[in-house]
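All residue numbers in this chain count up from 1 along the given sequence.
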Amino acid sequence: MELYYLRMQRTREKTDKMEESKAMRKLRVCVATCNRADYSKLAPIMFGIKANPDEFELEVVVLGSHLIDDYGNTFRMIEQDDFDIGSKLHTIVRGEDEAAMVESVGLALVKLPDVLHRLRPDVLIVHGDRFDALALATAAALMNIRILHLEGGEVSGTIDDSIRHAISKLAHYHACCTRTAEQHLIAMCEDHTRILLAGCPSYDKLLAAHHRDDYMDIIRNWLGDNVKEHDYIVALQHPVTTDIKNSIKIYELMLDALISFNKRTLVLFPNIDAGSKEMVRVMRKKGVEQHPNFRAVKHVPFEQFIQLVCHAGAMIGNSSCGVREAGAFGTPVINLGSRQTGRETGENVLHVRDADTQNKIYHALELQFGKRYPCSKIYGDGNAVPRIMKFLQAIDLDEPLQKTFCFPPIREWDISQDIDHILETQSALAIDLGGTNLRVAIVSMRGKIVKKYSQANPKTYEARIELILKMCAEAVFDAVHLNCRILGVGVSTGGRVNPQEGVILHSTKLIQEWSSIDIRTPISDALHLPVWVDNDGNCAALAEKKFGHGKGVENFVTIITGTGIGGGIIQHNELIHGSTFCAAELGHIMVSLDGPECMCGSRGCIEAYASGMALQKEAKRLHDEELLEVEGMVDLKKAEFVSAIHLINAARLGNSKAGAVLRTASMALGVGIVNILHVVNPSLVILSGVLATHYQAPVQQVIGQRALTSAQRIQVLTSDLEEPALLGAASMVLDYTTRRIY
């Protein structure tokens, strides 16, 4: 018996020591970088690993064009960042043609096994879609080394797609940038528990660093002393390996257009892909390096490149930087040719896919140069590295190394399937500008209001903008702790709105100093998020379309019955705005030639009969004439505030005068809705707002009596949504950011 207990004690001690050893062991991470572009994505992760020496050991392998003088010997910037390079592998076979690319992959495969065998990493981090990266992933997979692939699942349109997807199939773990990329990886049968929706690591650096005080010094250093902010162009064009001849032609046409456009231009040399040598010859034939308007360079450090792109008047070419990083600054981009076909882009990108003439490219420059667009966070929110660090820490080295492939159905509401401790909810920031209160809410993809904030709406423009930004900043901060990923900002406000420009054209009388206001720009600039704006009636319709009775209905009308009367029209699943953005001003449909005066200055509008303000006015008149109170009502003193609710209660208790007012209001609203049915012929009418339940039955009756036979059966429903303005503002963000693919 004593021998048994002695053995049990030794077994427990041995198990404890093994667990302690496992807990103390550091994860050995090898980061392999091939060129200047992938280093800009890998460097933030390398800094994150280096900042956690108790958790990780970092090994750095440099290969590819980093070590070629013609491409700037960019390995030096890795050394300047104070990283120890464990191995430098010369893997590029010169020639810059298809055969040279194949030979370079073969040379890398010959040299990599010795390096990987010596370093023995637990995890190899590989980025993107370069042929060098394919060699890295192939060698690591065959040597049973776990692979974390960055930026898999994306679509561009060249041989890069095939290489990227091949690396994804070899990789054991994935850190992708967008929701669409995540869904692509799941559709490719990758295990969803090993996919992290992280965002692009370069966004961590560029969002934190692009507001530098010395940006003009950087611009002048690269482009000369006389250049001004937003008055120069950054050009970066790479060869398309599947269509080299055409890509060289486009490059020549681009240079011709830039010479004619006559603006100071920074031209970066193309990458090392097949066709790059011919592109450099074209550049030198055009005399670009000697031209007074041009500065041709092989490499710009990433921190300085950020400043140059951020403050440029435009960026032109086919670099992924144009469709990815430039969107974070709202910099106008002209994307030439097919190299980025399929990429998700912000509205700052103008595509010239068939760039077959100089005039077409020149015209694109005229359209884009000098514009500013809302900042876009399609590819990241600045928090990718912390997510990737957690993801690395969660890797269990005792799990089987062999990959397993899944064949999951992709559900419509398949919200983020990251590992539990980094699970985030795709959400929107919704703003509702009412006459009395200013409200902000965090709204999830399912329409749940996660958190709501409310303050009195200030009377002046300056105070209102200041309060909006303060409340939004507080909500964005809270969203991190609530595990919500904010995709953008939606704004609902009274009045006439130009949603294309994000400008409030004319406000209601309830909101002062709120006409000809660009609301999009200050919010977008402060939060670095895309912003959508529309009026409260349209937002109510959008809320019903996404979360309410209008879901799945192709044609319907929403009418808000509150302080005023408003609404929105959905026709063929799209919101109708009209040529001057005053469609669906349903409260100002005239139902009488000589009716009561409306706040718009006209007479006989629905709003003058059926709005809360109209009913309150009638309630006060009856109260002043001592005709409002009936038996059963709470005694009303003359000085007490009288509201529409008192009128409704009086009518319910048998007050004939109050009943007559409500019948007139219901008839006016019903006749107005009949007119709407005869004009746009919706299949459903949804009443929203505090008075909706009081109007639903009478309006349905008026339709049955006065509408054409074909429209009499159209149903009138009352909304079930408690916060239509906030939900509608959120739906603009949630629908747009999750479906947007060019």
For R130, check salt bridge (Lys or Arg N to Asp or Glu O under 4.0 Å) against everything at least two apart and list the hits.
D273
Could you tell me which residues satisfy salt bridge (Lys or Arg N to Asp or Glu O under 4.0 Å) with E229, sequence neighbours excluded, listed by chain and number?
none
Have H184 and E154 got a donor and an acceptor in their side chains that come within less than 3.5 Å?
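Checked: H184/E154 side chains show no N/O donor-acceptor pair below 3.5 Å.
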Can you find a side-chain donor-acceptor pair between E190 and S168 that sits under 3.5 Å?
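No, no side-chain donor-acceptor contact under 3.5 Å.
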Are side-chain heavy atoms of [X] and [Y] found at a separation under 4.5 Å?
X: R372; Y: P332; result: yes
X: E723; Y: D432; result: no
X: V29; Y: I125; result: yes
X: R339; Y: Q237; result: no
X: V503; Y: V533; result: no
X: F305; Y: C321; result: yes
X: F302; Y: M77; result: no
X: L433; Y: I468; result: yes

Without swapping roles, check the side chain of [X] against the backbone of [Y] for a donor-acceptor pair under 3.5 Å.
X: H149; Y: H174; value: no
X: N318; Y: H238; value: yes
X: R164; Y: G128; value: no
X: D204; Y: A384; value: yes
X: S427; Y: T425; value: yes
X: D534; Y: P499; value: no
X: R520; Y: V531; value: yes
X: Y379; Y: G327; value: no
X: K205; Y: I306; value: no
X: N35; Y: A37; value: yes

Between E325 and K41, does the salt bridge (charged side-chain N to carboxylate O under 4.0 Å, His left out) criterion hold? Intermediate values first, please.
CA-CA 11 Å; E325 282 84 354; K41 316 293 178 68; 3.7 Å; yes
Which is it for V443 and I449 under the side chain to side chain contact (heavy atoms under 4.5 Å, CB included) test, yes or no, and what are the steps along the way?
CA-CA 5 Å; V443 182; I449 295 180; 4.3 Å; yes
L336 vs I316, test: side chain to side chain contact (heavy atoms under 4.5 Å, CB included). Steps then yes/no.
CA-CA 7 Å; L336 302 178; I316 189 169; 3.9 Å; yes
Within this structure, what is the [atom1]-[atom2] distance for the pair [X] and [Y], rounded to the nearest 0.5 Å?
X: I523; Y: H528; atom1: CD1; atom2: NE2; answer: 13.5 Å
X: E182; Y: L196; atom1: CD; atom2: CG; answer: 8.5 Å
X: K452; Y: R439; atom1: NZ; atom2: CZ; answer: 5.5 Å
X: M46; Y: I78; atom1: CE; atom2: CD1; answer: 6.0 Å
X: L58; Y: I49; atom1: CG; atom2: CD1; answer: 5.5 Å
X: L308; Y: M315; atom1: CG; atom2: CE; answer: 10.0 Å

Closest non-hydrogen atom pair between [X] and [Y], with its separation:
X: L266; Y: V300; value: CD2-CG2, 4.4 Å
X: Y173; Y: F391; value: CB-CE2, 3.8 Å
X: A140; Y: L124; value: CB-CD2, 3.5 Å
X: I45; Y: P201; value: CD1-CG, 3.8 Å
X: R179; Y: L197; value: N-CD1, 3.8 Å
X: Y203; Y: G380; value: CD2-O, 3.3 Å

Would you list the pairs meeting side chain to side chain donor-acceptor pair (under 3.5 Å) in which at least one residue belongs to residues 469-479, sequence neighbours left out?
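Listed by first then second residue: K451-D478, Y453-D478.
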Can you tell me which residue pairs pass the ring pair (Phe, Tyr, Trp, His ring centres under 6.0 Å) test with a partner in residues 30-52, sequence neighbours excluded?
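Sorted pair list: F47-F83.
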Counting only heavy atoms not in E399 (residues, nucleotides, ligands), do more than 12 fall under 6.0 Å from its CD?
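Yes, because the 6.0 Å sphere around CD of E399 holds more than 12 heavy atoms from other groups.
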Count the heavy atoms of every other residue, nucleotide or ligand shown that sit under 6.0 Å from CD of E466, and state whether that count exceeds 12.
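12 or below, so no.
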Contacts of K448 meeting side-chain hydrogen bond (donor to acceptor under 3.5 Å, both in side chains) (sequence neighbours excluded), chain-then-number -> none
Report the residues that fulfil side-chain hydrogen bond (donor to acceptor under 3.5 Å, both in side chains) with N535, sequence neighbours left out, ordered by chain and then residue number.
N538
For a side chain to side chain contact (heavy atoms under 4.5 Å, CB included) check, start with the C-alpha distance between L397 and L27, then their side-chain angles and the critical distance, and finish with the verdict.
CA-CA 9 Å; L397 297 178; L27 189 72; 3.9 Å; yes
For Q304 and N221, run side chain to side chain contact (heavy atoms under 4.5 Å, CB included): C-alpha distance rounded to whole Å, both residues' side-chain angles, the deciding distance at 0.1 Å, then the answer.
CA-CA 10 Å; Q304 297 181 39; N221 179 54; 4.2 Å; yes
Show your working on salt bridge (charged side-chain N to carboxylate O under 4.0 Å, His left out) between R387 and D381 and close with a plain yes or no.
CA-CA 11 Å; R387 296 185 185 109; D381 60 2; 2.8 Å; yes
